[in-house]
Amino acid sequence: MVLFAIAELNGSPKKIESNPIIKHIPFTQKLDNFGMWQPGPFTGSGLGPGLIIARITINLSTYAPRTLSTMSTSHLPATTDSIAQALEAKNPSEAISIYYIILENPSSSPESLRIKEQAITNLSDLLRQENRAEELRSLLTQLRPFFALIPKAKTAKIVRGIIDTVAKIPGTSDLQISLCKEMVLWTRAEKRTFLRQRVEARLAALLMENKEYSEALNLLSGLIKEVRRLDDKLLLVDIDLLESKLHFSLRNLPKAKAALTAARTAANAIYVPPAQQGTIDLQSGILHAEEKDYKTAYSYFFEAFEAFNALEDPRAVFSLKYMLLCKIMVSQADDVAGIISSKAGLQYVGPELDAMKAVADAHAKRSLKLFETALRDFKAQLEEDPIVHRHLSSLYDTLLEQNLCRLIEPFSRVEIAHIADLIELPIDHVEKKLSQMILDKKFAGTLDQGAGCLVIFEDLKTDAIYPATLETISNIGKVVDSLYVRKGKFLYQQKVNYWGIEELRLEQAKPLRSCYKYLLVNMDSHSRQGGNGHVSISMTKLIVLKCPSLLRSKSEQFFCKIMSEVFEGYERQYCELSANLSRKCNSTSLLPDGVEKNAKVNEIKSGLDDCDVLIRKMDLEARSLQPNVKAMLLAKLREYKSDLNKLKREFKRITSGDVNQASRVELLEAGMADVHSVSADQRERMTMSVERLNQSGDRIKESRRTMLETEELGVSILEDLHQQRQTLLHAHNKLHGVDDAIDKSKKVLTSMLRRMTRNKWIVGSVIAALVVAIIFIILFKISHH
């Protein structure tokens with residue numbers, strides 16, 4: 001038993017939730033303790049004004065089921081009339097109640113389901129108008145049994161529509177995140193993969209807007225792998241674009257560009273809606289503007305503006321604002337007014353364009369005061385816009401440098417305080433900026449901090465002779481290096497011709513064992529005879545064949561001795577000369593200044609020159625030998641060069657009057673030698689690194705080309721597979737038809753077989769009866785005769 005009172009008065013009603021029969025009729029007060037009641041305001045559907053307060057007794061066991069059934073089927077069935085009744089309601093609360101009653105109709109016919117879908121759409125719009133975000137969330141939970149009755153595609157459409165409706169209510173970002181998380185859990189439980197992927201993408205976008213970057217990045221990393229495995233190109237474009245925005249927010253420009261490139265690659269393979277293509281162009285312009293490539297960024301912003309303008313998208317005004325920003329950053333502020341006054345620009349005249357026009361005027365007049373005024377007047381449009389705000393600092397620095405250059409232009413010496421007064425900025429700020437401009441070579445000058453002045457120098461014209469001379473010396477060095485290499489090759493060719501290496505080609509066809517035996521016998525015989533020149537051909541053949549088992553033989557040592565005979569001659573001369581110079585240096589250092597010391601110094605100088613000549617000859621001779629011999633000789637040559645440098649330093653110490661000065665010069669020369677050697681090594685490593693990078697770039701381009709070709713091939717293969725699938729399905733249907741025909745034929749044949757069997761039995765029975773009759777007749781005739 002349930003007792004309640006009803007009163008019709010003016011006021012805001014409440015809903016009774018304890019009584020399931022009247023839960024959609026709003027009340028304000030109920031009877032207390034089944035006996036006491038108090039009048040309260042009531043406004044209900046179907047009840048007129050002036051209703052008398054009454055006490056009603058309802059038997060729930062007998063009346064409640066019939067009443068619910070009557071409300072759902074008789075009073076408000078799921079028909080177009082019910083929708084029309086809700087649309088004609090006097091206030092949104094009444095319409096919302098009607099829609100809730102329609103949704104509780106248990107009918108599951110196709111027409112009822114269609115009406116309920118329309119009711120859900122209208123109800124979500126009404127709840128959005130009333131800013132009831134929590135009711136939208138509970139509506140999505142209440143509709144889960146209804147989702148089991150409709151296809152998955154319609155379920156996805158309704159869920160995404162309600163989430164988009166909640167997003168239109170301001171201040172519901174946290175509610176949207178929790179709602180998306182609930183729907184992700186529900187879709188995982190229901191195994192609705194495609195809906196879950198789209199809700200997760202929406203959740204990642206909400207997390208990025210809420211600046212929860214790490215959680216959004218973790219969510220996207222797993223989602224991208226899953227979507228690429230399913231090859232859903234349209235969703236992949238959205239996810240890659242979202243990843244690019246996320247990395248851009250984290251200031252990771254390389255990954256942002258890589259994600260944007262992936263989005264463009266996926267978008268080229270399918271048809272992309274104009275709004276999404278405009279979003280891609282807008283993100284491309286933002287990334288290029290971040291890299292200071294404002295001309296390319298302007299072209300991308302222009303394409304995005306055209307796409308959004310055709311769709312009447314609100315983002316068109318932001319694209320136009322970024323276009324104006326690019327014009328300002330490339331010092332083309334005069335074009336801003338023309339763009340705003342164009343036919344497309346006049347449609348979006350407002351605070352956003354007025355802010356950019358004010359910045360353009362300040363930039364054109366090079367006025368920091370106007371610039372600061374624009375920042376103050378249009379703070380919401382300039383400083384609160386993250387894209388524009390990133391470029392304001394560089395624009396401010398540009399304006400400050402232009403103003404300072406204009407102020408100091410007529411002076412050769414000016415006080416810093418005077419410049420600060422003219423530009424209306426603090427002295428410390430102006431002094432710091434002037435020092436930066438001097439270091440950046442914006443102008444030639446210096447700061448006299450003692451006097452508090454700026455001294456400006458005249459611009460000195462650079463002499464063109466000095467760089468031309470350096471370039472000439474560099475070219476001469478390249479020519480000398482080239483001649484040195486050519487000379488080494490020429491000498492090596494002469495040695496090849498002399499030793500007869502060409503004859504080896506005739507011997508390569510011989511078996512190796514017989515060739516080795518022949519060479520060994522030949523070398524041993526010549527070694528015993530003491531010959532040096534005649535054994536050279538066989539020795540050369542043996543070395544070129546590179547027989548490892550003979551490298552330790554005495555004959556091979558004898559060959560190396562012959563090949564390095566010239567080098568050893570130079571080596572002996574150098575060792576004798578070096579020992580002689582070392583003794584002379586020691587004796588000269590003990591002599592007092594005079595004629596005798598000068599004579600000794602001249603002798604040492606000429607000896608050092610001879611050592612240099614011998615070193616160059618040994619270097620040339622060593623480089624013309626075979627690689628295995630050359631490495632050993634070059635190692636010796638490096639030791640000789642080090643010894644020669646020591647002798648030169650000792651000679652400079654002797655010839656210098658001041659010992660300390662000589663030691664300082666020696667130390668500086670040693671340091672410079674190390675620096676030159678290190679710089680040469682670094683230059684060589686840098687050249688090799690550049691070559692490797694170029695090769696890697698070529699390989700990447702080739703891989704990209706191969707990837708695109710593979711993608712095209714994969715698309716064609718997928719098309720062929722689709723056609724083959726259609727053919728197989730068609731053949732499968734035909735086979736089903738043939739199978740049915742075979743079954744029918746089998747039945748016909750079975751019936752025919754039965755008839756044949758039956759006919760055989762009938763014929764056999766008739767024949768047997770005739771035979772019996774004939775026998776009986778014959779016996780009858782015989783018995784009578």
query: Atom CZ of F308 and atom CD of Q277: how far apart are they, to the nearest 0.5 Å?
result: 10.0 Å
task: Describe, in one word, how the ring planes of F776 and F780 are oriented to each other, choosing from parallel (under 30°), tilted (30 to 60°) and perpendicular (over 60°).
output: parallel
- prompt: Are K233 and E711 ion-paired here, with the side-chain N under 4.0 Å from a carboxylate O?
  reply: yes
message: Under the criterion side-chain contact (heavy atoms from CB on, under 4.5 Å), I'd like the reasoning laid out for I162 against L143: C-alpha separation, chi angles, the key distance, then a yes or no.
response: CA-CA 11 Å; I162 293 177; L143 290 175; 4.1 Å; yes
message: side chain to side chain donor-acceptor pair (under 3.5 Å), that's the test. Do S112 and S109 meet it? Break it down for me.
response: CA-CA 5 Å; S112 299; S109 63; 2.8 Å; yes
task: Tell me, yes or no, whether the heavy-atom count around F146 atom CZ, taken from other residues, nucleotides or ligands under 6.0 Å, exceeds 12.
output: yes
- prompt: Within the distance-only criterion (no hydrogens, no angle test), does the side chain of K116 pair as donor or acceptor with the backbone N or O of S107 below 3.5 angstrom?
  reply: yes
- prompt: Heavy atoms, side chains only, cut-off 4.5 Å: are L103 and L139 in contact?
  reply: yes
- request: Find out whether E209 and L206 are in side-chain contact, i.e. whether some heavy atom of one side chain is under 4.5 Å from a heavy atom of the other.
  value: yes
query: Roughly how far apart are S319 OG and M323 CE, rounded to 0.5 Å?
result: 8.5 Å
task: Taking the side chain as every heavy atom from C-beta outward, state whether E291 and K257 have any atom pair closer than 4.5 Å.
output: yes
- request: Specify the closest pair of heavy atoms between G285 and A297, including all atoms of both residues, with the distance to one decimal.
  value: O-CB, 3.3 Å
task: Please check if the side chain of D293 supplies one atom and the backbone of A289 the other of a donor-acceptor pair under 3.5 Å.
output: no
query: Does a sphere of radius 6.0 Å around CZ in R128 hold more than 12 heavy atoms from other residues, nucleotides or ligands, not counting ones at 6.0 Å or beyond?
result: yes
- request: Using modelled atom types only, decide if a donor and an acceptor are shared between the side chain of N91 and the backbone of E94 within a distance under 3.5 Å.
  value: yes
- line: Between the CG atom in L230 and the CD atom in Q197, the distance rounded to the nearest 0.5 Å is 5.0 Å
query: Going through the distances and angles, do S696 and R699 end up as a side chain to side chain donor-acceptor pair (under 3.5 Å)?
result: CA-CA 5 Å; S696 301; R699 286 196 296 270; 3.2 Å; yes
task: State plainly whether the residues E709 and R705 are in salt-bridge range, i.e. N to O under 4.0 Å.
output: yes
- prompt: Measuring from K157:NZ to I120:CD1, what's the distance to the nearest 0.5 Å?
  reply: 11.5 Å
query: Considering residues, nucleotides and ligands other than E312, do more than 12 of their heavy atoms fall under 6.0 Å from its CD?
result: no
Nearest atoms (heavy-atom pairs only) where I150 meets T155: CG1-OG1, 3.4 Å
task: Return the minimal non-hydrogen interatomic distance between A201 and L242, and the atom names on each side.
output: O-CD2, 3.5 Å
query: What residues, two or more places apart in sequence or in another chain, satisfy salt bridge (Lys or Arg N to Asp or Glu O under 4.0 Å) together with E117?
result: K154
query: Taking side chain as C-beta onward, heavy atoms only, is K747 less than 4.5 Å from T750?
result: no
- prompt: If you measure from CD1 on I742 to NZ on K746, what distance do you get to the nearest 0.5 Å?
  reply: 10.0 Å
task: Take R137 and E182 through the test side-chain contact (heavy atoms from CB on, under 4.5 Å) and record every step on the way to the result.
output: CA-CA 10 Å; R137 178 180 181 178; E182 289 179 3; 2.3 Å; yes
query: Given K181 and L185, is the side-chain contact (heavy atoms from CB on, under 4.5 Å) satisfied, shown in steps?
result: CA-CA 6 Å; K181 289 181 178 179; L185 295 176; 5.8 Å; no
query: With under 30° as parallel and over 60° as perpendicular, where do the rings of W186 and F147 fit, or are they tilted in between?
result: tilted
query: Closest heavy-atom contact between A307 and P274?
result: CB-O, 3.8 Å
query: Salt bridge check: are E200 and R188 linked by an N-O gap of less than 4.0 Å?
result: yes
Salt-bridge present (K152, E190; N to O < 4.0 Å): no
message: Pair F302, L320 - check side-chain contact (heavy atoms from CB on, under 4.5 Å), show working.
response: CA-CA 7 Å; F302 182 73; L320 183 58; over 6 Å; no
query: When you look at CZ of F194, are more than 12 heavy atoms from neighbouring residues, nucleotides or ligands closer to it than 6.0 Å?
result: no
statement: In terms of heavy-atom contacts, A216 and A204 come closest through CB-O, 3.8 Å
message: A side-chain contact here means heavy atoms from C-beta on lying under 4.5 Å apart; do K245 and T279 qualify?
response: yes
Residue pair S703 / T706, side-chain donor-acceptor N/O under 3.5 Å: no
query: Do the side chains of H732 and H736 get nearer than 4.5 Å, heavy atoms only?
result: yes
field: Residues R725 and D720 bridged, charged N to O under 4.0 Å
entry: no
- request: Given ring-ring contact (aromatic ring centres under 6.0 Å, His included), test Y300 with Y322 step by step and report yes or no.
  value: CA-CA 10 Å; Y300 278 116; Y322 299 152; over 10 Å; no
message: Counting the benzene-type ring for Trp, do F301 and F318 have ring centres under 6.0 Å apart?
response: no
Interatomic distance, Q85 atom CD to T80 atom OG1 [nearest 0.5 angstrom]: 11.5 Å
message: Do L136 and S124 make a side-chain contact, defined as non-hydrogen atoms from C-beta onward lying under 4.5 Å apart?
response: yes
query: Does a donor on one side chain sit under 3.5 Å from an acceptor on the other, for S284 and D281?
result: no
message: Any heavy-atom pair between the side chains of F248 and K255 that's under 4.5 Å?
response: no
message: How about CZ on R144, more than 12 heavy atoms from neighbouring residues, nucleotides or ligands closer than 6.0 Å, or not?
response: yes
task: Look only at the side chain of N210 and the backbone of E212, and say whether a donor-acceptor pair between them is shorter than 3.5 Å.
output: no
query: Looking at D739 and K744, does any basic side-chain N land under 4.0 Å from a carboxylate oxygen?
result: no
task: Salt-bridge test for E111 and R114: reply yes if a basic N is under 4.0 Å from a carboxylate O, no otherwise.
output: yes
- prompt: So, are R264 and D240 salt-bridged, with charged N and O less than 4.0 Å apart?
  reply: no
query: At their closest point, which heavy atom of A133 faces which heavy atom of T172, and how far apart are they?
result: CB-CG2, 3.9 Å
